Amino acid sequence: MGNDREILNEIPKHVAIIMDGNGRWAKQRGMPRIMGHQKGVDTIREIVRTASDQGVRYLTLYAFSKENWNRPKDEVGFLMNLLSQYLDLEIKELRKNRVRFNVIGRIEDLPGQIQEKIRKTVEDTKNEPGLLLTLALSYSSRVEMIDAIKKLCEKVVRNELNYSEINEDCVSRALYTANLPDPDLLIRTSGEMRVSNFLLWQISYAEIYVSPKFWPDFTKEDFLEALKDYQRRERRFGRTERCKSV
Ligand code: FPP
């Protein structure tokens with residue numbers, strides 16, 4: 001481990017987070033699950049601000065999976081309302097922090113008025129020079145890969161691409177995350193050791209950090225601890241020598 005100065009020099013460029021444990025946080029307190037989601041939004045605000053202050057360039061949050069549509073109707077409705085409110089209320093805070101807003105996933109599955117608010121938030125923040133915040137909504141990594149395969153097949157059929165030229169770069173550019181570098185660090189809260197269909201292609205070489213805390217309890221200090229843990233790791237990308245010296 002290096003000194004603090006070295007630590008500050010190695011901020012991961014892209015951090016992705018699986019925000020888990022909202023329901024259990026609420027249950028622990030004898031509250032309905034939705035209260036955990038409500039509190040989870042406060043954590044999002046704090047972590048976006050912290051990531052931005054620390055110089056993280058890309059932050060990608062797993063906010064709603066394709067599988068989440070199978071939750072009870074009232075919970076899905078509550079999550080959609082929260083998202084709608086988030087888009088209405090956070091714009092000021094995003095701009096104050098110079099954050100550019102982005103989404104990935106099957107956005108067409110979301111209610112029309114939310115799609116419109118997303119479009120507006122993306123437009124209103126498109127010139128912000130700071131952190132790129134990406135919310136994964138109605139997202140499934142396997143569906144993303146199927147969509148990418150279809151896109152590449154279409155190009156082959158139209159003779160715009162020869163199938164023998166398909167390589168990792170082509171696939172990366174066909175994914176929803178075409179404009180993002182791969183995550184350097186994947187954080188998951190609530191102690192679960194799973195990747196839950198999140199950015200499966202993109203996290204090939206990501207460092208994984210699991211926090212035992214439920215998402216609503218995850219603080220700025222916990223996020224900084226995850227960054228410090230990342231900075232202590234030696235990333236080799238399958239090689240033997242220390243990658244940073246190459
Ligand atoms: C997982 O907790 C959490 C989610 C469903 C995604 C995160 C959602 C939020 C933080 C709130 C809404 C987000 C926005 C952007 C408005 P869980 O319900 O799976 O918890 P459990 O595993 O304890 O049941």
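Along the sequence shown, residues carry numbers from 1. Bear in mind that the values here come from a model prediction, so they are computed numbers and not experimental data. Counting starts at 1 for both ligands and their atoms, following the listed order.
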At under 4.0 Å between heavy atoms, is it the side chain or the backbone of R33 that contacts ligand 1, or both, or neither?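 The side chain, only.
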
Tell me the contacting part of L61 for ligand 1: side chain, backbone, both, or neither, using a 4.0 Å heavy-atom threshold, strictly below. neither

Strictly below 4.0 Å, N to O, side chains only: are K13 and D184 in salt-bridge contact? no

Identity of the nearest option to atom 23 (O) of ligand 1, non-hydrogen atoms only, from M19, E75, R24: R24

At the 4.0 Å heavy-atom cut-off, does R71 count as touching ligand 1? yes

F198 and Y62 aromatic ring geometry - parallel, tilted or perpendicular at 30°/60° bounds: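 Ring orientation of Y62 relative to F198: parallel.
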
F223 vs F218 aromatic rings, parallel, tilted or perpendicular, using cut-offs 30° and 60°?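 Ring orientation, 0 to 90° scale: perpendicular.
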
Tell me every residue that passes side-chain contact (heavy atoms from CB on, under 4.5 Å) with M19, counting only those two or more places apart in sequence or in another chain.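 Scan of M19 (side-chain contact (heavy atoms from CB on, under 4.5 Å), adjacent residues dropped) gives I17, I44, L61, A63, W215.
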
Could you tell me whether some N/O pair between N22 and ligand 1 is separated by less than 3.5 angstrom?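 There is such a contact, yes.
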
Distance-only N or O hit between ligand 1 and D20, under 3.5 Å: yes

Give the atoms of ligand 1, by number and element, whose distance to some non-hydrogen atom of A63 is under 4.0 Å. 6 (C), 7 (C), 8 (C)

Quick one: list whatever passes ring-ring contact (aromatic ring centres under 6.0 Å, His included) with Y230, sequence neighbours left out. none

